[in-house]
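Here's the structure, in structure tokens; my notes come after.
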Amino acid sequence: MRLSVYFLPTLKENPSEAQIPSHRLMLRAGMIQQSSAGIYSWLPLGHRVLRRIEQIVRQEMDAAGCQEVLMPAIQPADLWRESGRYDQYGEEMLRLRDRHERDMLFGPTHEEVVTDIFRRNIKSYRDLPKNLYQIQWKFRDEIRPRFGIMRGREFYMKDNFSFDLDFEGAKRSYNKMFVAYLRTFARMGLKAIPMEAKSGPIGGDMSHEFVILAETGESAVYCHADYLDMDMLAEGVDYTQALDPIIASWTRHYAATDDKHEPERFEREVPEDKRLTTRGIEVGHIFYFGTKYSKPMGATVTTEDGREVPVEMGSYGIGVSRLVGAVIEAGHDEAGIIWPESVAPFRLGLINLKIGDPACRKASDEIYGTLKGRDVEILYDDRDESAGAKFATMDLIGLPWQLIVGPRGLKAGVVELKERATDERQELSVEAALARFAG
RNA sequence: CGGAGCGUGGCGCAGUCUGGUAGCGCAUCAGUCUGGGGGACUGAGGGUCGCCGGUUCGAAUCCGGCCGCUCCGACCA
């Protein structure tokens, strides 16, 4: 992509409403634009990141044996009356009425819809387990949206639902999601720590929130510092193998969010020098809820011995749009964003320092043409701007690599490669640079 | 929802107290010089001062109502 034609409305100054780095930088880097309170448009750069994160989530869901569906955003109120949640769900639910005076709602979540799909199609234990997921926009009319897309009213979410015959099966599904989440966040370069969370109506220990530690996070968290040093499981996982050892190692220490925190237990179980009290960003939540919806909605299956039982369910959510902010909170400096390669909007930024110089132009065009031809995601700053402006823009949008073509270097037959995260620079020939990225 | 603020060219702000020609920086456009960290100069365009009503000879400024947005708290991916 040539920057001269790319829609990238960057800001030099900090917008006054943005309080936290991710919000500030997303606005300054032209990734998002507010439409109304808690509702944003995603501009090209932001949209690319959103898509990349979405794709990682999708791949890991698929790898864990989930199947993608897409449920309606607008749901009938009757379904919610069946589960008993229509009256119970508060003002966060956006309620609508269609032209026939039917009560509708913009889905804040999809347990009812997915349970309805299940009950209409699955009747036998032989069709279990099943695990369906979707990635789509939700709307929750939050009292106070804030921090840009971190707490929007409209947000992009992956949610999935497991269906099993019995508790043992449900636990297996839960564990799969637990591991899938560890992998998903690790691939984005995030340290997400599974923390005990409010367990809801069923009780037990089958509810975890995955939390990125960050001072700007919304919730207070308490955990054992050793979690920070643990390998985030970047290598492959065989979901047919027992997952208990992985679960065990990730639950062996104390880690809890504010509403589940037990100070006495924290002090008893965690040595003083290992007690970490900080704040965190919740990016995922996994949850076992048994027959809470299947029972009232009549989602039953027939067992091997002919009994009819409500299906055991769990639900699992990842805040996809929130992750964009979380990745920025985890990776930025004074100059701007620092993307991990896995989610970067482009892998490489090419800077032609001197537009008026024929040699610079020729070398830059050649590099751009070659890499683009080999499907390298490259953003080429071919604007007629000063060198400083180009450096500033490139640092702001945070692409992992910058390839700098200037008259000084070209005279010596080299271009400069800069790594955004470390600011390490090396000079190399054009050929070497091409090989480095097209190889 | 309780508390606190803000709304003036695209962005950041001044002007409002004390009514009287709408202003600054950045951005934009044209041109020239530049070109290794948001460069310089010259010129230009762009604003019903959130909306409605009131007071007044005259309202960005005073009064009333409404709308929008932000921040702090209780809820949430």
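Proteins get letters first, then strands, A, B, ... in listed order; numbering begins at 1 in each.
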Given the [atom1] atoms of [N] and [M], what is the spacing between them in whole Å?
{"N": "C33(B)", "M": "G19(B)", "atom1": "C1'", "value": "47 Å"}
{"N": "G64(B)", "M": "U55(B)", "atom1": "P", "value": "15 Å"}
{"N": "U21(B)", "M": "A59(B)", "atom1": "P", "value": "12 Å"}
{"N": "C71(B)", "M": "U56(B)", "atom1": "P", "value": "41 Å"}
{"N": "C75(B)", "M": "U28(B)", "atom1": "C1'", "value": "44 Å"}
{"N": "C1(B)", "M": "G39(B)", "atom1": "P", "value": "46 Å"}
{"N": "C24(B)", "M": "G38(B)", "atom1": "P", "value": "25 Å"}
{"N": "C63(B)", "M": "G5(B)", "atom1": "P", "value": "15 Å"}

Legend entry - Centroid-centroid under 6.0 Å between Phe210(A) and Tyr181(A) rings: yes
Legend entry - Aromatic centroids of Tyr89(A) and Trp80(A) separated by under 6.0 Å: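 Under 6.0 Å, so yes.
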Inset, instruction - Calculate, to the nearest 0.5 Å, the distance between atoms OH and CG belonging to Tyr368(A) and Asp381(A) respectively. - result: 11.5 Å
Legend entry - Thr115(A): partners by side chain to side chain donor-acceptor pair (under 3.5 Å), with sequence neighbours left out: none
Legend entry - hbond_proxy Glu416(A) side chain to G36(B) base (donor-acceptor, 3.5 Å cutoff):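 Looking at the base of G36(B), it does pair with a donor or acceptor on the side chain of Glu416(A) (distance under 3.5 Å).
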Report the base-pairing partner of [N] (Watson-Crick or G-U wobble, both distances below 3.5 angstrom), or none.
{"N": "C76(B)", "answer": "none"}
{"N": "G46(B)", "answer": "none"}
{"N": "C51(B)", "answer": "G65(B)"}
{"N": "G20(B)", "answer": "C57(B)"}
{"N": "C26(B)", "answer": "G10(B)"}
{"N": "G36(B)", "answer": "none"}
{"N": "C41(B)", "answer": "G31(B)"}
{"N": "A4(B)", "answer": "U70(B)"}

Legend entry - Protein proximity profile, nucleotides 72-77 of chain B - base contact B, sugar-phosphate-only contact S, no contact -, cut-off 4.0 Å on heavy atoms: BBBBBB
Legend entry - Contact state string [nucleotides 6-13 of chain B, B base, S sugar-phosphate only, - no protein heavy atom under 4.0 Å]: -----BSS
Legend entry - Side-chain N,O (Lys12(A)) to OP1/OP2 (C26(B)) below 4.0 Å: no
Inspect the contact between [Y] and [X] and indicate whether a charged nitrogen and a carboxylate oxygen are less than 4.0 angstrom apart.
{"X": "Glu377(A)", "Y": "Arg48(A)", "answer": "yes"}
{"X": "Lys260(A)", "Y": "Glu209(A)", "answer": "no"}
{"X": "Arg265(A)", "Y": "Glu196(A)", "answer": "yes"}

Regarding [X], tell me which of base, sugar-phosphate or nothing describes its non-hydrogen contacts under 4.0 Å with the strands shown.
{"X": "Arg28(A)", "value": "base"}
{"X": "Thr393(A)", "value": "base"}
{"X": "Leu396(A)", "value": "base"}
{"X": "Gly90(A)", "value": "nothing"}

Legend entry - Residue mapping more 5' on RNA chain B - nearest nucleotide basis, Lys418(A) or Ser36(A): Lys418(A)
Legend entry - Most 5' of Glu91(A) and Ala335(A) on RNA chain B, judged by nearest nucleotide: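 Going by which nucleotide is closer to the 5' end, it is Glu91(A).
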Inset, instruction - Would you name the heavy atoms of Ser321(A) and Leu50(A) that are closest together and state the gap between them? - result: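 Here Ser321(A) and Leu50(A) meet closest at CA-CD1, 3.7 Å.
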Inset, instruction - Scan Val324(A), Leu43(A), Leu27(A), Leu45(A) and name whichever one has a side-chain contact (heavy atoms from CB on, under 4.5 Å) with Ile32(A). - result: Leu27(A)
Legend entry - Closest to the Asp384(A) side chain, choosing from G35(B), G38(B), G36(B):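 Nucleotide nearest to Asp384(A)'s side chain: G35(B).
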Legend entry - Length of the line joining Leu417(A):CG and G36(B):P, which is rounded to integer Å: 20 Å
Inset, instruction - State whether Trp401(A) and Arg436(A) meet the cation-pi test: NZ (Lys) or CZ (Arg) under 6.0 Å from the six-membered ring centroid, and within 45° of the perpendicular axis. - result: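 That pair qualifies as a cation-pi contact.
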Legend entry - Glu91(A) CD: over 12 foreign heavy atoms closer than 6.0 Å: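 No, the 6.0 Å shell around CD holds no more than 12 heavy atoms from other groups.
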